[in-house]
Amino acid sequence: MQHPIPAPERFSPPWAFALGLAAGFYPRFLPLWFVLLGAVFVAAFAATLRGLSGRGAGLKAWLAVALACGLALGAGLRRDEAGKAVAPLPRGDLAVTGLWGRLHADAARGAGGLWRYPLALEGLKLAAPGLRGSVSARGRVTLLVRPSAGESVRRVGERLQGERLACDAQPARPRKEEAAPQGAAPQGAAPPETSPHTTLFFADEAKLVRLDDEGRGLAQGRAHVRALGQWRARLRTAFRDALSHVGGDEATAGLLVALLLGDRTGLERDEAAVWKRAGCAHVLALSGQHLALLATLAAALCRPLCGPRRARGLALLCAAAFVFVAGLSPSLLRSLLMYGIGVCAFFADRPVEGRTTLALAFAIALPLDPEAARGLSFCLSYLALAGLVVFAPRIEFALRPWLPPALATALAASLGAQLATGALLALVFGALQPIGIVASIATAPLVAAFLWWGLCAGLSVGLVPRLAPLVVGVSRFIYRLLAGAVSLFAAAPPLVLPGRSAAFAAAVVVLVACLVYALPHVRYRLWLRSRQCGDETRL
């Protein structure tokens, strides 16, 4: 019996807009005038299609319009990002000795033990022989902070979004041993989460000073903002303490906090590198799946009390509250946006597809914070999920005749995620981990179980602290299984790509991805043509 060939899904306007947005924003090597010229050309093509009559002409015109709008918006965001960059710093006798500004995101632990403080710059301190002063300045900078001797790791990580800081700092590029530890990035490169065009400053934790808005007279009436930040910090600390009690030991609690709160301060220095060597970096990037679990549980509890429609709305509020406490990490923001879009579609009684929802979430998240959109975690989060919703169904259809359904689904998901993220990983790390195809199948269920258990147990222990001794054993058991599996796969040798081999390997991965995407369309067209020829022969 011949295996049926399903009709491939149509290319939706939101997906075209998201592709245009990415094409206009990410490739810095393309001049802005070239991108805008391409947007004008696509818009003219759309106008031409609107004047034609035929099957699919209207949809193609809308696709071209969406692509042109995405290209134009992406180019505009890239230009705005370049305009916010800090001007070249003074050289010679005049030197920068310090700065002050506001955190536009939570502090995060970076490579080499340094802390990344993303600052919206407000001013610079300058010094010259016999002269000291300060000037106002604007732009986004990254402050790399060295913890002081004996400094509590938790205290360093308590710097949250919205806080104003001042410090003595020196502009510099990261040293090789600090910015690129072995196995993390090429020697001399910027940290993966930092754009190479970002101005970097170095400072010590002991030199950081928390500023008071009223004291400096810059923004009156922000007491409620500080109170909200303090309340959020207390909630975040309470939930982190509950997760620490659930984990029991530092290693288990550190991974739970990293997955659920996005705070990697408790992770061992080599743990993230082990996940990368195992080819499972994209699995960590998809950790926002626990937000969907929290929303599902909230909706199930509220449904008997207020009905399905209001339950969905309350679940969305619960998810938003959790993201507020945990912080806007890329995976959590993506999950929140996708769930919110799904709830809006439910209220409007409209069907929604996974790839359309992902495209809309990307189109919203990128303009919200273009600087964060260039981070590795942001790109991996969206690329990995794109592989699951775009490539995985095609691969699964090809594997179903040869493998059991459960194995075909798991293998297709792993191959789809690896195919979507392989090009980026090859360019960033200069290596590929083919073992990641198998490692993802083995670790993804364990990661999901660890997330779900940590979320449910953390909330339970937060409400009833006496339950902590009862859940520690399960947490350690799941963690040991997960850590053992990741360490086993990390021992496999990677495919090292020296020199230009990384770019060549990335091009090959992109070409294979295009073939995987186009193959169902070609097969479906050939099948339709054979059916039409058969009907004509019978006639």
Side-chain angles (χ1 to χ4, degrees), residues 9 12 14-15 228 231-232 234-236 238-240 242-243 246 256-257 259-262 285-365 368 381-382 384-386 388-389 393 409 413 444-445 447-465 467 471 474-475 478:
E9 67 276 3
S12 61
W15 195 252
L228 184 63
W231 182 67
R232 177 193 170 217
R234 293 192 189 100
L235 289 177
R236 184 182 174 94
F239 188 53
R240 181 170 53 191
L243 292 177
V246 169
L256 274 175
V257 172
L259 292 175
L260 292 172
L261 287 178
L286 285 174
S287 60
Q289 59 185 298
H290 64 282
L291 189 66
L293 171 68
L294 176 63
T296 302
L297 291 176
L301 294 175
C302 296
R303 188 177 293 112
L305 301 176
C306 56
R309 296 181 66 86
R310 293 182 180 178
R312 291 285 186 96
L314 291 175
L316 180 60
L317 291 178
C318 292
F322 181 82
V323 172
F324 169 74
V325 174
L328 287 177
S329 65
S331 58
L332 282 180
L333 180 59
R334 170 188 53 77
S335 185
L336 178 63
L337 289 174
M338 293 184 68
Y339 187 79
I341 293 169
V343 171
C344 293
F346 175 77
F347 286 157
D349 195 20
R350 301 292 298 173
V352 62
E353 297 179 347
R355 61 198 187 98
T356 301
T357 306
L358 177 63
L360 291 174
F362 175 79
I364 296 173
L368 285 178
S381 179
Y382 282 90
L385 196 57
L388 294 180
V389 300
T409 301
V447 170
F450 196 56
L451 282 171
W452 296 352
W453 171 256
L455 180 62
C456 297
L459 293 176
S460 301
V461 171
L463 297 175
V464 185
L467 295 177
V471 301
V474 179
S475 302
I478 301 176

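What's counted below: heavy atoms across the whole structure, side chains too, no hydrogens, waters or symmetry copies.
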Just to verify, what does Y339 make a ring-ring contact (aromatic ring centres under 6.0 Å, His included) with, not counting sequence neighbours?
none

For residues 298-325, which side-chain N or O atoms pair as donor and acceptor with protein atoms under 3.5 Å away, sequence neighbours left out?
| from | atom 1 | to | atom 2 | distance (Å) |
| --- | --- | --- | --- | --- |
| R309 | NH2 | F347 | O | 3.2 |

Among all residues two or more places apart in sequence or in another chain, which pass the side chain to side chain contact (heavy atoms under 4.5 Å, CB included) test with P393?
none

Which pair of non-hydrogen atoms, one from S331 and one from S381, has the smallest distance, and what is that distance?
CA-OG, 3.7 Å

Do the side chains of V447 and L451 get nearer than 4.5 Å, heavy atoms only?
yes

Pairs touching residues 453-464 that satisfy side chain to side chain donor-acceptor pair (under 3.5 Å), sequence neighbours left out:
W453-S475

Among residues at least two apart in sequence or on other chains, which ones pass side chain to side chain donor-acceptor pair (under 3.5 Å) with T409?
E396

Looking only at heavy atoms, what is the nearest atom pair of M338 and A361, with distance?
CG-CB, 3.8 Å

On a heavy-atom basis, the closest approach of L332 and L291 is O-CD2, 3.7 Å

Looking at CD1 of I364 and CG of L337, how far apart are the two atoms once the value is rounded to the nearest 0.5 Å?
5.5 Å

Please round to the nearest 0.5 Å and tell me the distance separating atom CG of L360 and atom OG of S12.
8.0 Å

Looking at every non-hydrogen atom in both residues, tell me the closest pair between I478 and A449 and how far apart they are.
CD1-O, 4.4 Å

Going from OG1 on T357 to CH2 on W15, what distance comes out if it is rounded to the nearest 0.5 angstrom?
10.5 Å

From L256 CG over to L243 CG, what is the distance, rounded to the nearest 0.5 angstrom?
6.0 Å

